[in-house]
There are 2 protein chains.
Amino acid sequence: MSSQALDRSLIRPLHLFDGMLDEELDDVLSTAGSRRYAIGETLFEQGQRADKFYLLLHGRLRVTQVTPQGQQVVMQMINPGDMCGIAKALQRPDYPGTATAAADSISLYWPTQDWTPILSKHPVFAVNAMQTIGQRLQEAQARVREMSTEAAERRIAHSVLRLAGQSGRQEPEGIRIDFPISKQDIAEMTGTTLHTVSRVLTAWEDLGIVDGGRQKLLVKDPHRLLLIAEGETVGPSR
Amino acid sequence: MSSQALDRSLIRPLHLFDGMLDEELDDVLSTAGSRRYAIGETLFEQGQRADKFYLLLHGRLRVTQVTPQGQQVVMQMINPGDMCGIAKALQRPDYPGTATAAADSISLYWPTQDWTPILSKHPVFAVNAMQTIGQRLQEAQARVREMSTEAAERRIAHSVLRLAGQSGRQEPEGIRIDFPISKQDIAEMTGTTLHTVSRVLTAWEDLGIVDGGRQKLLVKDPHRLLLIAEGETVGPSR
DNA sequence: CGGATTGTTGAGGATACTCAAGTTAGGTGG
DNA sequence: CCACCTAACTTGAGTATCCTCAACAATCCG
């Protein structure tokens, strides 16, 4: 447990700890460990006994599920400040998915058995944790709504916009998705195939809306993309 | 506010209040009201300021969202013991959907402003409430997974099985969905059309798996239905 | 430089949608 | 109680979307 060097100034700003006293924060952190994960490493795997829960400090995680038929689905991307692996909150003994570092990442972790005590001792934490789960529920419901009512291109547009909003970095040319993301990843987020994603992104590139590349994505015209997401048909540039 | 006649014996068994002392329960109930809703009545509507949250005691609620394009999606069915309208947990000022009584129903309600105080005063309630939201998150994620990877027939099978499990009553012939449900409803739960639902259910009726009817549904062979949901192709009856 | 991963593009076809017409069931009012 | 009216449902035909299959090209890594 390399919990010695937990810099409180790094952790204090996280939403999750809003409204907690410094002593409370120290108490919560006292049982935490931290660890670095290189890109491609997994934090936990689907079906394993959930013995830890995590709070991402830096980097990105991709949480996937594999169906019994072997098809992979990307359930969510985890950004710094987000928790994951909180099986206890779902009343599950095992992890429902696999978390992989989509970029070099640093994460705090606690033993799962600390979950209920922490919640009971720190009601503020409980409220904040609930809001995290609430956020996630809303996002999941948004995806259900999109998959129920929207064609592939619009779903891809929504997905790319979400990525830009949550994992985007402003660059001169537009908003850069700041971790390596493949067409296959986007396909698994939208319930399509990499072929469809490739075709759609190529069309958008021709219109100057995005700029692709091997595991690269730059959103050059978020406004046009939003129009597509909201149901406008793509036309020529202006 | 008709909060006088709240029978504690009716409310005590609900999961939500597991582990709470009688005094705590009384305290929580002190600011609650209750009301009866006839089938078709709405408890709250999408976009309204969320001034109350609800706990269903009896009946069924259908929570729907309407997209900007006017397509309706059934987000969830609420069963007795479930909460709904808990916008506070989602950090939203308004209701994200509309809740309609799918059967004659009775519900408790609290002013939304009581949400945070109740959570802070009763950590057990907070933990229980989080598990409710966690359940819902899991269900939403299951739907995302299904819509990403499964064809229409399998999604409908999953949806019907979920209905049977949550809202089914055993009858001599099979499991009866115990509130009026239309093909349109099922279509809006599965991201299909009522036409597809009608065709699929007709095929299942011919195989003796279900028994349909106007706003009626009886699952006669849950096992076969599960096979379809899990990916078996339908064949003739043995 | 060679192998592997990732991405592109084309052709063909199946699923499920739209459009359309008609049927059944149930409730309402005379 | 029956006739009517509406909402729910059924069924058919045609078709668009997007998947599958396939071959190839580009990019990255060691």
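Everything numeric here is computed off the predicted structure, so don't read it as measured data.
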Next item on the list: Starting from P on D/dT10, measure out to CD on B/Glu205 and report it in whole angstrom.
Entry: 7 Å

Next item on the list: Please tell me which of the listed nucleotides, C/dC17, C/dT6, D/dC19, lies nearest to the side chain of A/Thr192?
Entry: D/dC19

Margin query: Expressed as a whole number of angstroms, how long is the span from A/Lys216:NZ to C/dT5:P?
Written below: 18 Å

Notebook entry, point to check: Minimum heavy-atom separation for A/Phe179 to A/Met77, with atom names?
Noted result: CZ-CE, 3.5 Å

Notebook entry, point to check: Of B/Val197 and A/Gly191, whose closest DNA chain D nucleotide lies nearer the 5' terminus?
Noted result: B/Val197

Next item on the list: Side chain of B/Arg199 only, please: which of C/dC17, C/dA20, C/dT5 is the nearest?
Entry: C/dC17

Check: Can B/Thr98 and B/Gln65 be said to form a side-chain contact (heavy atoms from CB on, under 4.5 Å), step by step?
Finding: CA-CA 6 Å; B/Thr98 297; B/Gln65 287 186 15; over 6 Å; no

Item checked: Distance test, side-chain N/O of B/Ser198 to OP1/OP2 of D/dT10, below 4.0 Å -> yes

Note to self: Tell me the interatomic distance from B/Ile186, atom CD1, to D/dA8, atom C1', rounded to whole angstroms.
What the structure shows: 13 Å

Next item on the list: Taking only the side-chain nitrogens and oxygens of B/Thr193, find out if one of them lies under 4.0 Å from OP1 or OP2 of C/dC17.
Entry: yes

Check: For the side chain of B/Arg145 and the backbone of A/Met75, is there at least one donor-acceptor N/O pair under 3.5 Å apart?
Finding: no

Margin query: Let's see if you can work this out: which of C/dG7, D/dC18, C/dT9 has an atom nearest to the side-chain heavy atoms of A/Thr202?
Written below: C/dT9

Checklist line | Between C/dT15 (P) and B/Arg155 (CZ): distance, integer Å | finding: 14 Å

Item checked: Candidate pair B/Gln131 and B/Gln135, rule side-chain hydrogen bond (donor to acceptor under 3.5 Å, both in side chains), full reasoning -> CA-CA 6 Å; B/Gln131 287 180 345; B/Gln135 284 298 126; over 6 Å; no

Next item on the list: Find the distance B/Gln184:CD to C/dA25:P and express it as a whole number of Å.
Entry: 20 Å

Item checked: Length of the line joining B/Ile156:CD1 and C/dA16:P, which is rounded to integer Å -> 8 Å

Check: Could you give the CG-to-C1' distance, from A/Asp211 to C/dG7, as a whole number of Å?
Finding: 15 Å

Item checked: Pair of N/O donor and acceptor under 3.5 Å linking C/dT18 base with B/His195 side chain -> no

Next item on the list: Rounded off to whole Å, could you give me the CG-to-P distance for the B/Leu194 and D/dT11 pair?
Entry: 13 Å

Item checked: Closest listed nucleotide, where the reference is the side chain of B/Ala152 and the choices are C/dA16, D/dC9, C/dG7 -> C/dA16

Item checked: Minimum-distance nucleotide to B/Arg214 side chain [options: C/dT8, D/dC9, C/dT6] -> D/dC9

Notebook entry, point to check: Is any NZ, NE, NH1 or NH2 atom of the basic residue among B/Glu41 and B/Arg35 found under 4.0 Å from an Asp or Glu carboxylate oxygen of the other?
Noted result: yes

